[in-house]
Asks: 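Dropping a structure here in structure tokens format, bear with me for questions.
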Amino acid sequence: MSLEGKVALVTGSTSGIGLAIARAFAAEGCSIMMNGLGEAAAIHKVRDTLAGETGVKIAYHGADMTKPAEIADLVAATHKTLGGVDILVNNAGIQHVDRVESFPPDKWDTIIAVNLSASFHTIRAALPEMKRRGWGRIINVASTHGLVASTHKVAYVAAKHGLIGMTKVIGIECADSGVTCNAICPGFVSTPLAIAQIETKAKADSISMEQASRLLIGEKQPQVQFTTVEQIAGFAVFLASDTASNMQGTALVSDGGWTAQ
Ligand code: NAD
């Protein structure tokens with residue numbers, strides 16, 4: 001079955017993995033609702049470029065994923081502008097690295113809101129119509145940190161473990177409805193979110209970005225290389241395909257061997 005004509009809502013798609021996922025679904029002929037933070041002119045440019053490259057409808061809604069009312073409006077606007085949500089990709093995410101004793105409570109709240117609660121709010125709003133139509137795909141971008149822990153990432157690890165749990169619940173609640181819910185768990189992917197951590201390490205250890213990158217990845221991944229954003233986007237398209245129609249509540253991992261150890 002072709003994905004042509006489906007509508008994909010991708011949260012956090014103004015950058016990194018989300019943008020690659022939006023691009024991949026647009027290339028499949030899906031209309032896209034983009035979302036994410038950033039400078040208006042830059043977002044406009046990305047949106048126009050994507051529309052020009054693919055010839056599909058690309059809309060944008062600037063919902064702040066910490067705000068349930070704005071999330072509800074994002075889903076409603078996707079219905080109104082593009083005719084529904086067939087594929088929902090919960091991708092928006094942020095990180096903060098600090099030991100638990102000094103982890104700022106407001107950072108905890110924001111990370112839990114964006115990386116975990118936002119997916120509850122989007123799914124809650126989009127699922128009834130997917131079930132009514134008898135087809136839908138919910139794809140949650142989790143992380144290896146949804147499966148294992150690292151120090152100094154208490155909020156991120158808690159949120160991503162929560163997201164994997166949510167994926168399982170939604171997956172089994174959607175059984176036999178034509179809707180599937182699955183997660184993707186990348187290890188290191190070269191995006192602003194990971195690059196910020198490499199910069200911090202390079203600065204702290206007075207080493208080059210190249211050295212810091214190899215150290216940071218090598219500490220976790222036997223295969224010392226980034227997964228690419230295009231590879232993650234390929235997973236998302238696969239999860240939306242018929243080949244994946246019997247997958248429910250699973251997590252697809254691409255982490256250079258990190259969690260195999
Ligand atoms: P990124 O920083 O490039 O993109 C994050 C996106 O989320 C941006 O579009 C940003 O505007 C959006 N966003 C952040 N806060 C928001 C808010 N309050 N409201 C709306 N949008 C918001 O990062 P990325 O690496 O592409 O991350 C995408 C997802 O992939 C995240 O969930 C992240 O946890 C996950 N992930 C990333 C890596 C990695 O190494 N980069 C590894 C595993 C998982």
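As the structure lists them, so they are numbered: ligands from 1, and atoms in each ligand from 1.
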Asks: Return the residue, atom name and 0.1 Å-rounded distance of the protein heavy atom closest to atom 1 (P) of ligand 1.
Replies: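 Atom 1 (P) of ligand 1 sits closest to the protein heavy atom Ser15 OG, 3.6 Å.
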Asks: Can you pull out the closest protein heavy atom to atom 42 (C) of ligand 1? Residue, atom name and distance to 0.1 Å, please.
Replies: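 For this ligand atom, the closest protein heavy atom is Gly187 O, 2.9 Å.
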Asks: Just to check, does Tyr156 reach to within less than 4.0 Å of ligand 1 when the distance is taken from its heavy atoms?
Replies: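 The answer is yes: ligand 1 sits under 4.0 Å from a heavy atom of Tyr156.
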Asks: Between Asp48 and Lys45, does any side-chain N to carboxylate O distance fall below 4.0 Å?
Replies: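 Between Lys45 and Asp48 there is no salt bridge, as every charged N stays at least 4.0 Å from the carboxylate O atoms.
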Asks: Does an N or O from Ser143, backbone or side chain, lie closer than 3.5 Å to an N or O of ligand 1?
Replies: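 In this structure, Ser143 places no N or O atom under 3.5 Å from an N or O of ligand 1.
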Asks: Pull out every atom of ligand 1 sitting under 4.0 Å from any heavy atom of Val141, numbered as shown with elements.
Replies: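 Atoms satisfying the 4.0 Å criterion: 29 (C), 30 (O), 32 (O), 35 (C).
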Asks: Check each atom of ligand 1 against the heavy atoms of Val114 and keep those under 4.0 Å away; list them by number with element.
Replies: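 So the answer, numbered in order with elements, is 18 (N).
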Asks: Using distance alone, decide if ligand 1 has a nitrogen or oxygen within less than 3.5 Å of any nitrogen or oxygen in Ile17.
Replies: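 Yes - when backbone and side-chain N and O of Ile17 are compared with those of ligand 1, one distance drops under 3.5 Å.
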Asks: I need the nearest protein heavy-atom contact for atom 5 (C) of ligand 1: residue, atom name and distance, please.
Replies: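 Looking at atom 5 (C) of ligand 1, the protein heavy atom closest to it is Gly93 O, 3.7 Å.
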Asks: Closest non-hydrogen protein atom to atom 43 (C) of ligand 1, residue and atom name please, with distance?
Replies: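 In this structure, atom 43 (C) of ligand 1 has Pro186 O, 3.3 Å as its nearest protein heavy atom.
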Asks: Going by the atom numbers of ligand 1, which of them fall below 4.0 Å from some non-hydrogen atom of Ala194?
Replies: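 Taking each heavy atom of Ala194 in turn, ligand 1 has 40 (O), 41 (N) under 4.0 Å.
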Asks: Under a heavy-atom criterion of less than 4.0 Å, does Lys160 contact ligand 1?
Replies: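 Distance cut 4.0 Å: Lys160 passes for ligand 1.
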Asks: Report yes or no: does Ala113 have a heavy atom closer than 4.0 Å to ligand 1?
Replies: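 False for this residue.
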Asks: Counting only nitrogen or oxygen atoms and a 3.5 angstrom limit, does Met65 reach ligand 1?
Replies: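 Min N/O separation from ligand 1 is below 3.5 Å for Met65.
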Asks: At the 4.0 Å heavy-atom cut-off, does Pro192 count as touching ligand 1?
Replies: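 So Pro192 counts as touching ligand 1.
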Asks: Short list, please: which atoms of ligand 1 are under 4.0 Å from a heavy atom of Ala63?
Replies: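 Those qualifying, in numeric order: 19 (N), 20 (C).
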Asks: Any chance you could lay out the side chain to side chain contact (heavy atoms under 4.5 Å, CB included) test for Val237 and Glu28, step after step, and finish with the verdict?
Replies: CA-CA 8 Å; Val237 171; Glu28 293 291 319; 3.9 Å; yes
Asks: Any sub-3.5 Å donor-acceptor pair from Gln221's side-chain atoms to Gly218's backbone N or O?
Replies: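 Such a contact is absent between Gln221 side chain and Gly218 backbone.
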Asks: Could you find the nearest protein heavy atom to atom 25 (O) of ligand 1 and give me its residue, atom name and distance?
Replies: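 Here the closest protein heavy atom is Thr191 OG1, 2.4 Å.
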Asks: Examine Leu37 against ligand 1 and note whether any of their N/O atoms are separated by less than 3.5 Å.
Replies: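 Yes, since at least one N or O of Leu37 sits under 3.5 Å from an N or O of ligand 1.
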Asks: Got a salt bridge between Arg214 and Glu210, using NZ or NE/NH1/NH2 to carboxylate O under 4.0 Å?
Replies: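 Answer for the salt bridge query: no.
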Asks: Can you check whether Asn91 has an N/O within less than 3.5 Å of an N/O in ligand 1?
Replies: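 Indeed, backbone or side chain, Asn91 has an N or O that close.
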Asks: Counting N and O atoms only, with roles assigned by atom type, does the side chain of Lys201 sit under 3.5 Å from a partner on the main chain of Ala196, one being a donor and the other an acceptor?
Replies: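 Here the side-chain-to-backbone pair does not exist.
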Asks: Closest by any non-hydrogen atom to atom 14 (C) of ligand 1: pick that one out of Ile94, Thr14, Asn90.
Replies: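 Comparing heavy atoms across Ile94, Thr14, Asn90, the nearest one to atom 14 (C) of ligand 1 lies in Ile94.
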Asks: Please check if atom NZ in Lys220 has more than 12 non-hydrogen atoms from other residues, nucleotides or ligands closer than 6.0 Å.
Replies: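 Counting neighbours around NZ of Lys220, more than 12 heavy atoms of other residues, nucleotides or ligands fall under 6.0 Å, so yes.
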Asks: Main chain of Gly12, side chain of Asn35: is a donor-acceptor contact present, judged purely on distance under 3.5 Å?
Replies: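 Side chain of Asn35 to backbone of Gly12, a donor-acceptor pair under 3.5 Å: yes, one is there.
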Asks: Judged by atom type as modelled, is there a donor-acceptor pair below 3.5 Å linking the side chain of Asn91 to the main-chain atoms of Asn140?
Replies: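 Here the side-chain-to-backbone pair does not exist.
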Asks: Could you tell me whether Gly12 and ligand 1 have an N or O pair separated by under 3.5 Å?
Replies: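 Yes.
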Asks: Tell me: protein heavy atom nearest atom 21 (N) of ligand 1, and distance?
Replies: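 So the nearest neighbour among protein heavy atoms is Gly36 CA, 3.6 Å.
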Asks: Out of curiosity, is Cys185 lining ligand 1, as in a heavy atom under 4.0 Å away?
Replies: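 Under 4.0 Å: no for Cys185.
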Asks: Under 4.0 Å from a heavy atom of Gly16: give me the atoms of ligand 1 that qualify, with their elements.
Replies: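 Counting from 1, the qualifying ligand atoms are 3 (O), 26 (O).
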Asks: How are the rings of His145 and Tyr156 set to each other: parallel, tilted or perpendicular (split at 30° and 60°)?
Replies: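 Perpendicular.
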Asks: If we only consider heavy atoms of Asn115, is any one of them less than 4.0 Å away from an atom in ligand 1?
Replies: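 Not so, Asn115 does not reach ligand 1.
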Asks: Hey, mind stepping through Arg23 and Glu53 against salt bridge (Lys or Arg N to Asp or Glu O under 4.0 Å) and telling me if it holds?
Replies: CA-CA 9 Å; Arg23 182 170 280 125; Glu53 278 168 9; 3.4 Å; yes
Asks: Nearest to atom 27 (O) of ligand 1, what protein heavy atom do you find, and at what distance?
Replies: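 So the nearest neighbour among protein heavy atoms is Leu193 CD1, 4.1 Å.
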Asks: May I ask you to decide whether Lys153 forms a salt bridge with Asp98, counting only side-chain N to carboxylate O separations under 4.0 Å?
Replies: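 Looking at Asp98 together with Lys153, the answer is no, because their closest N to O distance does not fall below 4.0 Å.
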Asks: Judged by non-hydrogen atoms, does Ala142 sit under 4.0 Å from ligand 1?
Replies: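 In this structure, Ala142 qualifies as a contact of ligand 1 - some heavy atom is under 4.0 Å.
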Asks: So which heavy atom in the protein is nearest atom 18 (N) of ligand 1, and how far is it from that ligand atom?
Replies: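 Looking at atom 18 (N) of ligand 1, the protein heavy atom closest to it is Asp64 OD1, 3.0 Å.
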Asks: If the test is side chain to side chain donor-acceptor pair (under 3.5 Å), which one of Thr227, Thr144, Thr228 qualifies with Ser254?
Replies: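 With Ser254 as partner, side chain to side chain donor-acceptor pair (under 3.5 Å) holds for just one option, Thr227.
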Asks: For Asn246, is the CG atom crowded, meaning more than 12 foreign heavy atoms sit under 6.0 Å from it?
Replies: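 No, CG of Asn246 has 12 or fewer neighbouring heavy atoms, counting only those of other groups under 6.0 Å.
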Asks: Walk me through whether Met65 and Thr122 qualify under side chain to side chain contact (heavy atoms under 4.5 Å, CB included).
Replies: CA-CA 9 Å; Met65 301 308 284; Thr122 54; 3.8 Å; yes
Asks: Quickly, which of Lys6, Arg133, Arg137 forms a side chain to side chain donor-acceptor pair (under 3.5 Å) with Asp86? Name it, please.
Replies: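 Of the listed options, the one satisfying the test is Arg133.
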Asks: If you count every heavy atom of other residues, nucleotides or ligands that lies below 6.0 Å from His152 atom NE2, does the total exceed 12?
Replies: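 Yes.
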Asks: Does Val10 offer a backbone N or O that forms a donor-acceptor pair with the side chain of Ser13 under 3.5 Å?
Replies: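 Yes, Ser13 side chain to Val10 backbone: donor-acceptor pair under 3.5 Å.
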Asks: Could you list the atoms of ligand 1 found under 4.0 angstrom from a heavy atom of Phe188?
Replies: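 The list of qualifying atoms is 40 (O).
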Asks: Between ligand 1 and Val189, is the shortest N or O to N or O distance under 3.5 Å?
Replies: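 Between Val189 and ligand 1, an N or O pair is found under 3.5 Å apart.
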